[in-house]
Amino acid sequence: MNVSLRTHVGDLALQNPVMAASGTFGYGLDLVEFCPPERLGGVVTKGLSPKPRRGNPTPRIVETAAGMINAIGLQNIGVEAFCRDALPELRRRNVLVVVNVFGETQDAYLEVITRCERDEGIAAYELNVSCPNVTAGGMEFGHDAGTLMSLVARCRASTSRRLWVKLSPNAPYLVDTARAAVDGGADALSLINTLRAMAIDAVARRPVLATRCGGLSGPAIKPIALRMVDEVHRALPAVPLVGIGGIESGRDVAEFLLAGASAVQVGTAIVRDPTAALRIAGELEAFCAAHGVADVTELIGGLTC
Amino acid sequence: MNVSLRTHVGDLALQNPVMAASGTFGYGLDLVEFCPPERLGGVVTKGLSPKPRRGNPTPRIVETAAGMINAIGLQNIGVEAFCRDALPELRRRNVLVVVNVFGETQDAYLEVITRCERDEGIAAYELNVSCPNVTAGGMEFGHDAGTLMSLVARCRASTSRRLWVKLSPNAPYLVDTARAAVDGGADALSLINTLRAMAIDAVARRPVLATRCGGLSGPAIKPIALRMVDEVHRALPAVPLVGIGGIESGRDVAEFLLAGASAVQVGTAIVRDPTAALRIAGELEAFCAAHGVADVTELIGGLTC
Amino acid sequence: MIARHDLPVRVIARSELSPTCFRLELVTGEPVSAAPGQFGMLTCGDGLDPLLRRAFSLAGVRPHENGAIVEMLIKEVGRGTGLLHHLPLGAALRLLAPLGNGFTLADGSGDRLALVAGGIGLPPVLFAAEQLAARNVAFDLYLGAASSAELLEVGRCRSAVEVVGGELVLATDDGSRGEAGFVTAAVERRLAAGRRYLRALACGPTPMLAALARLGATRGLEVELSLEEPMACGVGVCLGCVVELEDGRFVPTCKEGPVFAASRLAARWRA
Amino acid sequence: MIARHDLPVRVIARSELSPTCFRLELVTGEPVSAAPGQFGMLTCGDGLDPLLRRAFSLAGVRPHENGAIVEMLIKEVGRGTGLLHHLPLGAALRLLAPLGNGFTLADGSGDRLALVAGGIGLPPVLFAAEQLAARNVAFDLYLGAASSAELLEVGRCRSAVEVVGGELVLATDDGSRGEAGFVTAAVERRLAAGRRYLRALACGPTPMLAALARLGATRGLEVELSLEEPMACGVGVCLGCVVELEDGRFVPTCKEGPVFAASRLAARWRA
Ligand SMILES: Cc1cc2nc3c(=O)[nH]c(=O)nc-3n(C[C@H](O)[C@H](O)[C@H](O)COP(=O)(O)OP(=O)(O)OC[C@H]3O[C@@H](n4cnc5c(N)ncnc54)[C@H](O)[C@@H]3O)c2cc1C
Ligand SMILES: Cc1cc2nc3c(=O)[nH]c(=O)nc-3n(C[C@H](O)[C@H](O)[C@H](O)COP(=O)(O)OP(=O)(O)OC[C@H]3O[C@@H](n4cnc5c(N)ncnc54)[C@H](O)[C@@H]3O)c2cc1C
Ligand SMILES: Cc1cc2nc3c(=O)[nH]c(=O)nc-3n(C[C@H](O)[C@H](O)[C@H](O)COP(=O)(O)O)c2cc1C
Ligand SMILES: Cc1cc2nc3c(=O)[nH]c(=O)nc-3n(C[C@H](O)[C@H](O)[C@H](O)COP(=O)(O)O)c2cc1C
Ligand code: FES
Ligand code: FES
């Protein structure tokens with residue numbers, strides 16, 4: 001059976017629904033030997049800030065049951081180095097690039113976008129709004145609908161490229177936040193980012209991570225992510241969604257599509273296995289073939305009840 | 001090394017910190033062959049309502065990565081049958097009994113408590129506030145600080161027994177909710193209940209559970225539960241906490257105590273293994289002995305940073 | 001009630017029964033006594049993946065040294081059964097058993113029993129057949145499967161039936177062996193031809209059980225069904241495995257079952 | 001850079017080295033070429049528990065049929081290493097290798113190399129020793145452990161050292177074999193007595209590495225340390241395993257290391 005894996009996130013065409021998630025695929029070229037980025041639906045860059053960032057002290061990662069907690073602290077090479085060192089090659093390879101953007105102030109987000117606007121080859125921006133908003137006392141941008149809407153609106157005004165907003169599962173009111181992002185001008189929503197979590201070393205009597213808490217990802221969170229995609233999809237059926245959280249197999253992708261996602265991102269699975277995103281795309285094709293799905297878009301929002 | 005496992009939740013003395021969580025140990029006597037309830041720190045009953053309840057249609061449970069989702073729908077024998085059939089034997093065995101109470105209206109909570117007040121042998125009530133409040137359009141009692149405070153205050157007025165409130169991890173503002181419960185008169189807080197989650201059968205294109213969503217429990221959620229205990233403990237250091245979520249070993253118990261819990265409850269581990277609570281108490285003792293902890297209460301809130 | 005235990009067990013033998021099914025033998029350190037229709041909850045390894053135990057009917061229990069050998073017949077359908085299929089011999093597992101009730105085995109009076117098994121529903125039926133043979137209680141055994149290759153343990157079934165002079169009826173959906181069509185049709189044909197049974201004891205796929213429940217209702221035959229609801233605890237506390245009874249109650253299959261008189265089940269089982 | 005691969009491997013041999021350590025040999029289907037100091041990320045089974053691969057230094061690589069045998073020396077400290085310790089022979093795993101850089105092996109000019117291993121830090125040092133012996137480059141080998149029983153592979157170490165006429169220095173914290181005290185003290189004594197080295201290559205517990213970094217700073221000895229930061233991906237993308245350099249940057253150990261010149265590391269390593 002010939003399966004079409006092509007999908008769209010809003011008006012953006014993807015050759016298949018499987019993208020690499022931010023923070024687990026470097027700047028798109030780091031894992032070329034294992035997973036040629038041009039064969040994925042797209043790649044989301046590590047979160048970029050206006051200037052390079054050192055990130056948090058170590059330990060930054062800890063394994064948990066079917067998951068991991070990270071507190072990388074958004075270490076990155078900065079938007080300038082990305083545009084200079086990675087973007088040209090990504091363009092040459094025809095990779096669908098989504099730039100993950102974050103800042104500690106609204107201006108910082110705008111700075112990253114403004115720098116990116118000077119170059120070709122970026123399909124969309126994905127705003128990571130799970131970072132502490134320094135001007136609002138450290139509360140995450142994604143936690144208050146009003147703040148979020150104003151951030152998104154300012155970003156919207158600064159670019160005609162597609163704007164995705166990546167929702168935080170820690171936000172108090174998921175659907176309100178989703179709506180605020182859309183009202184601010186988001187073209188699509190990515191969900192979910194990591195869940196705030198903690199690991200403790202009982203012998204040392206200390207938190208394992210240097211920052212005490214971090215973000216939980218991996219298969220452990222998949223049931224929560226699916227529920228959130230389903231919830232947002234039912235509240236805002238017209239809004240394109242990108243499903244994220246614990247995806248490890250082609251069948252997992254199908255689950256997210258059925259819940260209402262138009263595409264997905266794979267994070268922790270890549271940390272476990274650098275070839276994962278490609279393998280998962282292959283498994284999705286096999287799943288479709290085995291179950292008579294000629295066109296993967298049939299699955300999107302396709303729950304029968 | 002001689003280890004003292006005795007602990008207190010507020011003024012309530014427990015012979016050890018390991019209790020059986022609500023919904024996984026029946027009414028206290030169901031697993032006597034595997035785990036004599038009188039040897040535990042205490043047992044929390046399945047949630048009791050004024051009348052027996054049938055619960056949700058099946059499927060009601062599904063396994064997930066290092067977790068399970070349940071949507072039992074609070075099936076229970078009703079408070080009357082509990083007081084009549086189980087409580088006398090629990091009393092005879094000197095079991096520390098905590099009655100888990102829920103209702104779809106405030107009055108229903110009060111009804112359960114009022115019935116229990118007629119009998120001896122109940123150490124505390126634990127209010128399960130993760131149930132849909134029918135008079136408030138189905139929102140959970142635990143999701144709105146005002147509603148919660150008024151519920152707790154009414155229950156407080158109806159009993160001089162200890163009142164615990166079991167926090168929902170799905171509540172928008174954890175610390176606000178915790179504070180509302182304490183302001184309403186709670187003696188202690190249990191946390192956490194299950195996280196809203198969903199599983200999808202990609203082949204059948206249906207949610208696995210008859211109710212679409214359910215509550216995620218098990219090791220998968222431990223890092224989230226630890227973070228929540230830590231967060232509430234730091235915000236409200238004087239409030240006794242009972243830690244719950246994914247506890248599988250004595251070392252896990254130590255982690256919750258270090259995060260600030262005075263005792264813990266074990267749920268899914270009992271579902272996996274009916275002897276689990278007793279085994280875990282034994283492991284806790286061994287852990288203490290191996291690490292020079294003469295008195296388990298040394299661990300409570302004992303993180304060094 | 002026979003006491004329930006959490007038994008440390010070791011895999012001492014395994015053999016292939018069909019392209020998808022295998023026999024697993026577990027040795028315990030203490031005696032086990034169990035009744036046909038009872039089951040056990042078996043760990044599939046020692047980690048968190050999978051998290052829960054898996055339910056398997058006991059296909060037989062025999063004494064061995066100071067303990068017993070517990071036999072299971074298992075179909076590989078997913079991760080847990082896949083792990084069990086590939087564990088090295090000697091692997092240590094834990095088995096919570098015996099759980100649940102069991103079939104009502106006849107007391108020898110009057111008509112024969114009908115034992116009916118579909119596919120991997122054979123284990124409790126085989127256990128019953130071998131016990132009945134040992135007690136010399138008469139029965140016929142109906143064994144159905146999708147195809148010849150999936151008819152399990154035909155030799156043992158035949159031996160058991162022969163002891164009591166009963167009939168072994170084989171049926172395959174594709175007609176590759178025995179009578180063609182569903183095993184329930186084979187039962188129905190004999191009932192229609194006047195054969196009488198004291199009671200039918202059955203385990204197999206839900207549609208087969210429902211067909212038998214209907215047959216029982218129409219023909220006035222008492223039918224006991226061994227149900228398979230997804231289970232988490234196996235000991236009646238999680239309330240995950242409930243089935244609806246005629247009187248509207250939801251009862252845990254693992255504790256009040258897995259065997260139920262068809263007439264006790266909610267009406268849709270017989271409709 | 002030597003190409004990185006995700007290699008399907010099988011466990012073909014395992015032997016005990018000490019009460020806590022064992023040797024694992026993995027066979028690959030394709031040739032592997034790796035340098036001492038490089039490592040691999042190995043799955044410990046095929047499920048989600050544990051979720052992440054584990055990092056192990058390569059202790060040696062030799063051709064085998066159409067592929068290679070990769071050798072590891074492993075200390076059982078937790079779930080992953082416990083699983084590896086008990087997997088049946090023949091078990092299929094995946095190995096991402098070779099990863100990271102390696103030690104700078106001398107080009108044969110001038111002074112000897114000092115190879116220093118503490119406890120389970122031996123594998124990359126042993127790999128280096130055997131390669132140096134094969135190339136006839138002179139070195140001394142310092143091997144330290146808590147006690148005699150935990151001195152690993154002393155025979156192989158001795159053979160390698162003898163090829164190049166170097167010294168094998170054994171040291172145990174409890175004095176149960178060789179010189180008593182830390183292995184770094186044994187190095188220091190020889191430096192103090194006038195022995196000169198081109199460079200020291202070391203792997204072992206962090207305090208040992210820090211002591212050696214200080215020694216190098218004081219004595220003007222170039223020291224290369226193989227670091228062990230907790231790793232998740234092993235390939236430079238998660239940024240979990242970073243170490244702070246002298247210039248303040250955080251670089252991933254798995255990609256820019258695991259071997260670093262001590263002088264490049266943040267000052268606290270030498271303080
Ligand atoms: C009382 C009882 C007796 C059983 N006896 C046998 C037997 O003798 N031989 C045999 O091969 N199988 C038997 N089963 C079915 C067996 O439990 C499942 O095939 C097994 O759990 C599948 O596990 P898995 O990990 O391979 O499959 P997966 O599909 O990966 O399992 C996923 C989840 O679904 C549950 N599940 C899947 N299929 C079933 C099912 N049919 N019934 C209940 N839960 C299921 C599992 O417990 C698990 O939680 C019995 C089930 C019950 C309830
Ligand atoms: C580059 C490198 C080379 C290594 N080489 C060897 C070797 O040759 N032989 C050997 O025995 N060990 C080696 N280690 C250490 C080895 O990776 C750990 O002992 C192993 O990961 C422990 O896993 P576990 O599941 O048994 O322990 P657990 O304590 O259960 O592991 C829990 C978590 O902590 C991490 N972890 C625990 N200890 C370490 C450690 N020392 N270093 C890094 N992560 C750790 C694990 O990766 C895992 O995520 C090396 C580590 C690194 C980074
Ligand atoms: C090591 C690591 C680093 C991450 N860095 C980022 C980041 O820079 N920006 C971002 O939006 N999300 C980041 N994430 C979150 C992932 O993109 C993803 O949303 C989350 O991990 C859930 O998906 P998963 O379960 O497939 O990993 C990171 C996740 C991990 C594990
Ligand atoms: C099958 C099942 C039934 C439960 N029923 C109840 C209940 O009736 N009342 C309640 O407050 N919590 C109930 N819970 C939640 C548990 O008490 C506990 O808070 C949760 O499962 C997290 O702990 P765990 O990870 O150890 O299971 C139930 C959990 C499970 C798994
Ligand atoms: S499986 Fe838990 S009640 Fe039956
Ligand atoms: S382990 Fe991921 S960057 Fe090194």
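Naming convention: chains lettered A, B, ... in sequence-line order (proteins, then strands); numbering from 1 in each chain.
Of the two parts of D:D49, neither the backbone nor the side chain holds a non-hydrogen atom closer than 4.5 Å to a non-hydrogen atom of chain A. Interface residue A:T58: only side-chain heavy atoms are found under 4.5 Å from chain D. Of the two parts of D:M231, only the backbone, made up of N, CA, C and O, holds a non-hydrogen atom closer than 4.5 Å to a non-hydrogen atom of chain A. Only the side chain of A:P219 comes within less than 4.5 Å of a heavy atom in chain D; its backbone stays farther off.
Smallest separation of non-hydrogen atoms from D:L51 and A:A66: CD2-C, 3.9 Å. Taking each heavy atom of A:K46 and D:L239 in turn, the nearest pair found is CE-CD1, 4.4 Å.
Heavy-atom neighbours of chain A within the stretch residues 243-253 of chain D, taken at a separation under 4.5 angstrom, comprise D:E244, D:G248, D:F250. Contact annotation for residues 53-81 of chain D against chain A (heavy-atom separation below 4.5 Å, listed by residue number): D:R53, D:R54.
Listed by chain and residue number, A:R272 satisfy the salt bridge (charged side-chain N to carboxylate O under 4.0 Å, His left out) test with A:E248 (two or more places apart in sequence, or in another chain).
Between A:P274 and D:L96 there is a side-chain heavy-atom pair separated by less than 4.5 Å. At a threshold of 4.5 Å between non-hydrogen side-chain atoms, the residues D:V237 and A:V271 do not count as touching. Inter-residue side-chain proximity for D:V235 and A:L31 is flagged as met; some heavy-atom pair is nearer than 4.5 Å.
Sorted by first then second residue, the side chain to side chain donor-acceptor pair (under 3.5 Å) pairs that include residues 207-225 of chain A, not counting sequence neighbours, are A:R212-B:D230, A:S217-A:T268, A:K222-A:D252, A:K222-A:E255.
Counting only distance, with no hydrogens or angles, the side chain of A:R60 and the backbone of D:C241 share no donor-acceptor pair below 3.5 Å. Looking at A:E33, its side chain never comes within 3.5 Å of a backbone N or O of D:H5 through a donor-acceptor pair.
Note on A:F34, A:Y27, A:F25: by heavy-atom pairs under 4.5 Å with chain D, the leading option is A:F34. In terms of heavy-atom pairs under 4.5 angstrom with chain D, the leader among A:D273, A:N70, A:T64 is A:D273.
The line from CG of A:D30 to SG of D:C233 is 9.5 Å long, rounded to the nearest 0.5 Å.
Shown here is D:R214, whose CZ atom has more than 12 heavy atoms of other residues, nucleotides or ligands within 6.0 Å.
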